Amino acid sequence: MSQTLRNLPDHKGYFGEYGGRFVPDTLIEPLAELERAYAEIKDTPAFQNELNGLLKNFVGRETPLYFAERLTRETGGAKIYLKREDLTHTGAHKINNAVGQILLARHMGKRRIIAETGAGQHGVATAAAAAKMGMTCRVYMGAEDMKRQTPNVFRMRLLGAEVVGVESGSATLKDAVSEAMRDWVTNIHDTYYLLGSALGPHPYPMIVRDFHKVIGAEARAQIMTAENRLPDEVVACLGGGSNAIGIFHEFLDDADVALTAVEAGGTEIAPGHHAARFSGGRAGIFQGMKTFVLQSGEGQIQLTDSISAGLDYAGVGPEHANLMQLGRAKYLYVHDSAALEGFQKLAHFEGIIPALESSHAMAYGLRRAAEMSKNKIILINLSGRGDKDLSIVMEALNVKN
Amino acid sequence: MSKIKNIIGARKAFIPYITAADPDLATTLAAMKMLADAGADIIELGIPFTDPIADGPTIQKATERALKNDFRMPDMFDVVRQFRASHATPVLLMTYANPVFSMGYDKFCAGAAAAGVNAVLITDLPPEEACAFRGAAHENNLGTVFLCSPTTTPERLKLIDQAATEFVYYIAHAGVTGVRTDLPTDVAEKLQKLKSQLQNKLCVGFGVSTPEQARALSAHADGVIVGSAVVKLFEKYQCDELLVQLKSFTQKMAEAVHA
């Protein structure tokens, strides 16, 4: 039997040692119900047809694979290709999962949608999907994140969602996740929790991954058409892990394709100043899963920091923890300052303004491309666009000047 | 037979919950003694955790107060040890999984047992994920308590019943911890049905705050757990005033449960 990494998780929701379902009893049955409902519809032609229709006409798929010619010349090394998830409706890959899960919610007869959001991209995607389906939508967002991502807060409200600020804990993404779980456990009869990254208790890491696999599937076919071969390296930024697993998954069994995920190095790798789980964290149990977690010696969850709200999270999707452990993917980080340079370079040389999250992948990808020879190919997932980040970048650049 | 089982077998148990180190460990020790003296049958001691997904605002705030100081597990074990020097009242630790997993299940269970802890309940560790923990607890003669709820299926109830050694804890409300004005209308019926299905004793908590509620529930369960209503006293009062309030609240609640 051929070995594959593509058929995980196992029936208990484990990717190797990581994953599982670490939740209070009240959530076990709703999660089992979700798992059953997903298994029931995922391969049916009716579901696939409706999903593909939404992906094409609402999301705008397929997204282009773009050859960054000037950046390639400028860096002088490997050919640089960008997978243009920034061109999807609502501006980031998050919408792939939002439309998939909203169909699942409808199938389950749930009319009230709740979600957590960090940078606001998942919240916007969920609000848009809920509006399209005529469902009510409430988004939990850390009060700190609301301050730094005001355009997205307004977008969500325009789309008809109620945005609830979360003041507890560090008032960022992890606290929004906790609050969404509390809402769900209180309102399980009519509420669907539309989780936005490939993390949390089983089956979420699997469901979210499945709805983002389209990124890698398209990119793999597109690069074969363009170059008649696979890339040498695939690069993605890593917050919770959804865009990274989305583009990696199709390449997992291609042993010659290196996979690299880039975490947020913040200002420095010191407790509270970064979000690089694989550089400063260790195995733990957090928000429903066993995975790598930034934590104190006593097992308390640490604060995180990054210029990018979407990468600012203390845990990481369990499938990545397994890929790290197996050595199948590499997990690195870049600091805020490098991400800002990546942001500007893509704007200057290609006329594309990336999200600060994706700028982390750009920063590493450009550095890496320069080290590689000209006959190599590097594929970078441009997971989102940077309109939402303009005020942050303006402030950061002014401070520097 | 274990001490917790003995007590629950002898009479209806009143089980108040407090968060350890709220606002400091000296207060925790004084509060535990007061609860025991005022009629608590078992004390449930919560280990503070940064991300308590099953808790409502009251216990979240208690957790934040507790974590303002540098909380360390061995210091909390010391408090239990000091309590044990003067009191026999059983102690049930309630915690989230990560502080325990971080310390190591074996080391945690050995430390807890040596300090005089009687049993442990890990909120986000259902029986399906609890194999290693149960092994460690068993090795150290530490009892276990597991949760069930209005959504638990009959198949899983069996699993929970097999995993628990002291009692099964029924979450009365599908939701987070916190004071509520009403109990679910079908709670008596649910409890009666559960009792007929369980080998273990059955205690009930989540949303219980008044003597009337406690009295009503104790008619259908072996014990009643009260958390947020106790923790609210820590929010409002300090020092001697806190102890006075704890005493009168515990006396009222214990009387209602024992009635």
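Keep in mind that this is a model prediction, so the values were computed, not measured. Numbers restart at 1 for each chain; the letters A, B, ... are given by sequence-line order, proteins then strands.
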Residue part contacting chain B, namely of A/Ala283, when any heavy atom lies under 4.5 Å: both
statement: Value for OG (A/Ser178) from CD (B/Gln60), rounded to nearest 0.5 Å, stands at 7.5 Å
query: If you count heavy-atom pairs under 4.5 Å between each of B/Pro127, B/Ser149, B/Pro150, B/Pro57 and chain A, which one has the most?
result: B/Ser149
- prompt: Measuring heavy-atom distances to chain A, does B/Ile171 have an atom under 4.5 Å in its side chain, in its backbone, in both, or in neither?
  reply: side chain
Approximate separation, where rounding is to 0.5 Å, of B/Phe101 CZ and A/Gln295 CD: 8.5 Å
message: Minimum heavy-atom separation for A/Thr186 and B/Gly175, please, with both atom names.
response: OG1-CA, 3.7 Å
query: So how far is it from A/Ile28 CD1 to B/Thr153 OG1, rounded to the nearest 0.5 Å?
result: 9.5 Å
- prompt: Looking at CG of A/Asp25 and SG of B/Cys148, how far apart are the two atoms once the value is rounded to the nearest 0.5 Å?
  reply: 6.5 Å
task: Take atom NE2 of A/His11 as the centre, draw a 6.0 Å sphere, and report whether it contains more than 12 heavy atoms from other residues, nucleotides or ligands.
output: no
- prompt: Can you say whether B/Pro48 sits under 4.5 Å from chain A via the side chain, the backbone, both, or neither, judging by heavy atoms?
  reply: backbone
message: Please determine whether side-chain contact (heavy atoms from CB on, under 4.5 Å) holds for the pair B/Thr151 and A/Thr26, giving the CA-CA distance in whole Å, both sets of side-chain angles, and the decisive distance to 0.1 Å.
response: CA-CA 6 Å; B/Thr151 57; A/Thr26 330; 4.3 Å; yes
message: Between B/Leu125, B/Leu67, B/Ile122, B/Thr63, who has the most heavy-atom pairs with chain A when the cutoff is under 4.5 Å?
response: B/Leu67
Heavy-atom contact with chain A under 4.5 Å, split by part of B/Met103: neither
query: Would you say B/Glu129's side chain and A/Arg21's backbone share a donor-acceptor pair under 3.5 angstrom?
result: yes
query: CD of B/Glu139: more than 12 outside heavy atoms within 6.0 angstrom?
result: no
- request: Report the C-alpha distance between A/Glu179 and B/Ile53 in whole Å, list the side-chain angles of each, state the deciding distance to 0.1 Å, and finish with yes or no for side-chain contact (heavy atoms from CB on, under 4.5 Å).
  value: CA-CA 7 Å; A/Glu179 209 50 42; B/Ile53 56 168; over 6 Å; no
task: Start with the C-alpha gap between A/Glu298 and B/Ser102, add the side-chain angles, then the distance that decides, and say whether side-chain contact (heavy atoms from CB on, under 4.5 Å) holds.
output: CA-CA 7 Å; A/Glu298 287 284 324; B/Ser102 168; over 6 Å; no
field: Flag, side chain of B/Thr50 to backbone of A/Ile301, donor-acceptor distance under 3.5 Å
entry: yes
- request: Could you tell me whether A/Arg182 and B/Asp55 have a side-chain N and a carboxylate O separated by less than 4.0 Å?
  value: no
task: Assess whether atom CD of B/Gln192 is packed by more than 12 heavy atoms of other residues, nucleotides or ligands within 6.0 Å.
output: yes
- request: Measure across A/Gly299 and B/Phe49 and return the closest heavy-atom pair with its distance rounded to 0.1 Å.
  value: O-CE1, 3.4 Å
query: Got a second to check how far B/Asn98's CG is from A/Phe286's CZ, nearest 0.5 Å?
result: 8.5 Å
- prompt: Looking at A/Lys174, A/Met181, A/Gln302, which one has more heavy-atom pairs under 4.5 Å with chain B than the rest?
  reply: A/Lys174
- prompt: side-chain contact (heavy atoms from CB on, under 4.5 Å) between A/Val23 and B/Thr123: does it pass, once the steps are laid out?
  reply: CA-CA 7 Å; A/Val23 292; B/Thr123 309; over 6 Å; no
query: Is B/Lys61 reaching over with its side chain to a backbone N or O of A/Ser168, donor-acceptor style, under 3.5 angstrom?
result: no
Structural part of B/Ile160 lying under 4.5 Å from a heavy atom of chain A: side chain
